[in-house]
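All figures in this text were calculated on a predicted structure; none of them were measured in a lab. For this chain, numbers begin at 1 and follow the sequence in order. First listed ligand is number 1; within each ligand, the first listed atom is number 1.
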Amino acid sequence: MARGVNCIAPKTIMNLIMLISVLCLCTKSVEVEAQASRLPAAEVEALNETATQVGKKDWNFSIDPCSNDKNWNTQSADLSLYENSLICNCSNPDGFCHVVRIVLKGQDLAGVLPPSAAKLPYLTRVDFTRNYLTGTIPREWASTKLEYLSVNVNNLSGPIPGYLGNISTLTYMSLKNNYFSGTVPPELGKLVNLNSLILSANNLTGELPPALTNLTKLTELRISSNNFTGRIPDFIQSWKQLQKLEIQASGLQGPIPSNISALSNLTDLRISDINGTGSEFPPLSSMTCMEYLLLRSCNLSGRIPTYISAMNRTLKTLDLSFNRLEGDIPDLAALTKLKHLYLTSNLLTGSIPNWIKGRDNQYQIDVSYNNFYPSSEPACGREYLNLFKSFSARDKSSFGECQNSYPCPEGNNISFRFKI
Ligand SMILES: *[C@@H]1O[C@H](CO)[C@@H](O)[C@H](O)[C@H]1NC(C)=O
Ligand SMILES: *[C@@H]1O[C@H](CO)[C@@H](O)[C@H](O)[C@H]1NC(C)=O
Ligand SMILES: *[C@@H]1O[C@H](CO)[C@@H](O)[C@H](O)[C@H]1NC(C)=O
Ligand SMILES: *[C@@H]1O[C@H](CO)[C@@H](O)[C@H](O)[C@H]1NC(C)=O
Ligand SMILES: *[C@@H]1O[C@H](CO)[C@@H](O)[C@H](O)[C@H]1NC(C)=O
Ligand SMILES: *[C@@H]1O[C@H](CO)[C@@H](O)[C@H](O)[C@H]1NC(C)=O
Ligand SMILES: *[C@@H]1O[C@H](CO)[C@@H](O)[C@H](O)[C@H]1NC(C)=O
Ligand SMILES: *[C@@H]1O[C@H](CO)[C@@H](O)[C@H](O)[C@H]1NC(C)=O
Ligand SMILES: *[C@@H]1O[C@H](CO)[C@@H](O)[C@H](O)[C@H]1NC(C)=O
Ligand SMILES: *[C@@H]1O[C@H](CO)[C@@H](O)[C@H](O)[C@H]1NC(C)=O
Ligand SMILES: *[C@@H]1O[C@H](CO)[C@@H](O)[C@H](O)[C@H]1NC(C)=O
Ligand SMILES: *[C@@H]1O[C@H](CO)[C@@H](O)[C@H](O)[C@H]1NC(C)=O
């Protein structure tokens, strides 16, 4: 075992464990206290207004909202509690219950984000994922103590409001899949407790503000599918705790700054579709806990570095397709966890190494559209291995033979894409 290398448990699992223990706590206290309804009248009224604003029609106020009744909390055996629930904390010194969490996911709600939620002083978590809510994030929320804010997959639009920067308690914020436009406000740099910032799939433009360097606790940053301009900033090196970084088709230009080498905790790095100046492979040798590495269509040239084999304890997916990488495929036989290898459309030469040929059909490997020497060809393709146009055109005879005797396998969805 390599000493000093300490891969951290995946954040999501830790979060889930925390969430479950918190929910158990809440459920317990609710059961004990259910006899006496003790949600303060002001919170009942705020909930009533919240329901109207968001478009929630089936909350039944003749039932105590903290009673854990199924009218409030869908609690079948499965995890649907996470979809539709209102959670109170009834273990308070003041003897009252308080609303701490509102989760309304996939409820076809067509209202707005409720300004009245700000009247619930103990609210820490709101999740309105997958609805049709319009407008923007209400100004009233600037004064809340929210820790978790998710409005994924809604119809929110306009600029991201700068006053979001006032919710300094936030540790998680996801605005993905909406119609937010304009630039990222520098005020977000005030959210110094943020662990996760997710802005993917919006219509954001301009450059990332340098104020974001103050988000030093970030472990997850996703900004894919936007219309940003400028280069991937070299200040990404401020986010030293980052585990997940996703910049796919964001509009940002290359090259990938060498400063990325500082992010040694990365486990999941996905960068794709960057134009601009090409570069050699970015320096990633410090990232020995990498699980998912995708650098697709990044205008990379030069050779695939051998240090990738030091990611042997964790790397599951390696996608370097659509670059201009050349030379041999290095010896990555040590990557025993590797399941997916995509090297499609590069300028790779040499032979297809034995460690690739030796893998069985639990793997998906695509080395199509390269310049390997035809003599290196294994007994034509196998189901898991797409060799379509992977060989240099010099020896047409053996290439043609392979195509005839073993066409691109139908079962392999990866190869489909390259059938013209
Ligand atoms: C609300 O709950 C009360 C008490 O359980 C019940 O009598 C009433 O029918 C419910 N109203 C609706 C609209 O479901
Ligand atoms: C909720 O608000 C409506 C008016 O919008 C009111 O008629 C109703 O009594 C309120 N219910 C509660 C429980 O406050
Ligand atoms: C409930 O509130 C009390 C007092 O503020 C706090 O100590 C406790 O951690 C809270 N419980 C949950 C499950 O949030
Ligand atoms: C949400 O946006 C989609 C796509 O623009 C649109 O078709 C739909 O009508 C909108 N829905 C609402 C409730 O605004
Ligand atoms: C945000 O905080 C600033 C500085 O404390 C304050 O001036 C501003 O009014 C706040 N904005 C909102 C919408 O509460
Ligand atoms: C994105 O912004 C551009 C320019 O501001 C605008 O033309 C386009 O309609 C927007 N797209 C969406 C999906 O909102
Ligand atoms: C980061 O925060 C500090 C302290 O609030 C502030 O002085 C500095 O200007 C911020 N950095 C950037 C780049 O905005
Ligand atoms: C991105 O921005 C450019 C120029 O500002 C514009 O022409 C283009 O339509 C935008 N694309 C999208 C998907 O909004
Ligand atoms: C990024 O690295 C380059 C080259 O090493 C260096 O010149 C630059 O100052 C670094 N950027 C930051 C923000 O430190
Ligand atoms: C990586 O994560 C560990 C554990 O969270 C932390 O102690 C360490 O400082 C991080 N590495 C860097 C370079 O910040
Ligand atoms: C990258 O360049 C291609 C070809 O010039 C162009 O079609 C594409 O829109 C560009 N992408 C970005 C993100 O600028
Ligand atoms: C994994 O890589 C480390 C660092 O290069 C090395 O010390 C270790 O022997 C490798 N383990 C295997 C199973 O190859």
Side-chain angles (χ1 to χ4, degrees), residues 1-18 171-172 184 186 189 192-197 207-221 223 228 230-247 252-269 271 274 276-293 298 300 302-318 329-339 341 353-356 358-359 363:
M1 272 313 254
R3 271 209 259 150
V5 189
N6 195 11
C7 301
I8 343 173
K11 183 88 181 162
T12 43
I13 295 183
M14 293 191 337
N15 278 347
L16 191 63
I17 291 169
M18 251 166 63
T171 60
Y172 182 100
V184 173
V192 292
N193 291 307
L194 267 191
N195 298 136
S196 297
L197 177 60
E207 300 191 3
L208 292 180
L212 297 184
T213 55
N214 273 341
L215 304 182
T216 53
K217 291 189 187 166
L218 277 187
T219 57
E220 178 180 23
L221 178 69
I223 57 169
F228 290 118
R231 285 168 149 208
I232 297 177
D234 60 4
F235 61 69
I236 59 173
Q237 68 171 39
S238 327
W239 303 316
K240 293 206 168 41
Q241 313 280 345
L242 264 194
Q243 292 166 22
K244 299 187 176 174
L245 176 60
E246 198 183 289
I247 310 181
L252 290 179
Q253 303 288 295
I256 299 169
S258 59
N259 312 58
I260 199 170
S261 64
L263 310 183
S264 57
N265 274 347
L266 279 180
T267 59
D268 193 326
L269 174 63
I271 302 181
I274 53 174
T277 333
S279 69
E280 301 237 301
F281 206 88
L284 308 180
S285 60
S286 63
M287 301 162 198
T288 49
C289 294
M290 194 74 83
E291 291 171 24
Y292 197 112
L293 176 57
C298 289
L300 299 180
R303 302 174 76 93
I304 301 174
T306 52
Y307 62 70
I308 287 181
S309 71
M311 301 172 183
N312 56 19
R313 293 180 308 142
T314 46
L315 193 66
K316 295 187 187 114
T317 296
L318 178 62
I329 301 183
D331 182 4
L332 302 178
L335 297 176
T336 50
K337 300 254 166 65
L338 194 70
K339 290 277 189 236
L341 174 66
N354 285 330
W355 65 267
I356 287 187
R359 306 255 159 164
Y363 301 85

**Asked** Judging by distance only, is a nitrogen or oxygen of Ser309 under 3.5 angstrom from one on ligand 12?
**Response**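 Among all N and O atoms of Ser309, none is under 3.5 Å from an N or O of ligand 12.
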**Request:** Looking only at non-hydrogen atoms, find the nearest pair between Ile260 and Pro283 and report the distance.
**Result:**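 Heavy atoms of Ile260 and Pro283 come nearest at CG2-O, 4.1 Å.
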**Prompt:** What closest approach, in Å, do Gly276 and Gln253 show between heavy atoms, and which atom pair accounts for it?
**Reply:**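 For Gly276 versus Gln253, the nearest heavy atoms are N-OE1, 3.3 Å.
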Protein contact to [atom] [nearest heavy atom, distance to 0.1 Å]:
atom                    : result
atom 6 (C) of ligand 9  : Asn259 ND2, 4.2 Å
atom 13 (C) of ligand 9 : Asp234 OD1, 3.6 Å
atom 4 (C) of ligand 9  : Ser258 OG, 4.2 Å
atom 14 (O) of ligand 9 : Gln237 NE2, 2.8 Å

With heavy atoms of [X] as the reference, note each atom of ligand 10 found under 4.0 Å away.
X      : answer
Lys240 : 12 (C), 13 (C), 14 (O)
Ser264 : 13 (C)
Asn265 : 1 (C), 2 (O), 3 (C), 8 (C), 10 (C), 11 (N), 12 (C)

Any sub-3.5 Å donor-acceptor pair from [X]'s side-chain atoms to [Y]'s backbone N or O?
X      : Y      : result
Lys217 : Leu194 : no
Trp355 : Leu335 : no
Thr219 : Asn195 : yes

**Asked** Can you list the ligand 12 atoms lying under 4.0 Å from a non-hydrogen atom of Ala310?
**Response**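 Numbered from 1, ligand 12 contributes 5 (O).
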**Request:** Output the list of atoms in ligand 12 that are nearer than 4.0 Å to some heavy atom of Ala334, sorted by atom number.
**Result:**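 Within the 4.0 Å cut-off of Ala334, ligand 12 contributes 14 (O).
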**Asked** Excluding sequence neighbours, so at least two apart, what forms ring-ring contact (aromatic ring centres under 6.0 Å, His included) with Tyr307?
**Response**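 By the ring-ring contact (aromatic ring centres under 6.0 Å, His included) rule, Tyr307 matches no residue at all.
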**Item:** Beyond-backbone contact of Leu208 with Phe228, side-chain heavy atoms, under 4.5 angstrom
**Value:**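 They are in contact (side-chain heavy atoms under 4.5 Å apart), so the answer is yes.
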**Message:** Using 0.5 Å steps for rounding, measure from the CG atom of Leu266 to the OG atom of Ser286.
**Reply:**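 Rounded to the nearest 0.5 Å, the CG-OG separation comes out at 8.0 Å.
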**Message:** As a test of the contact definition, would atom 11 (N) of ligand 9 count as having a protein heavy-atom neighbour under 4.0 Å?
**Reply:**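 Under 4.0 Å from atom 11 (N) of ligand 9, at least one protein heavy atom found.
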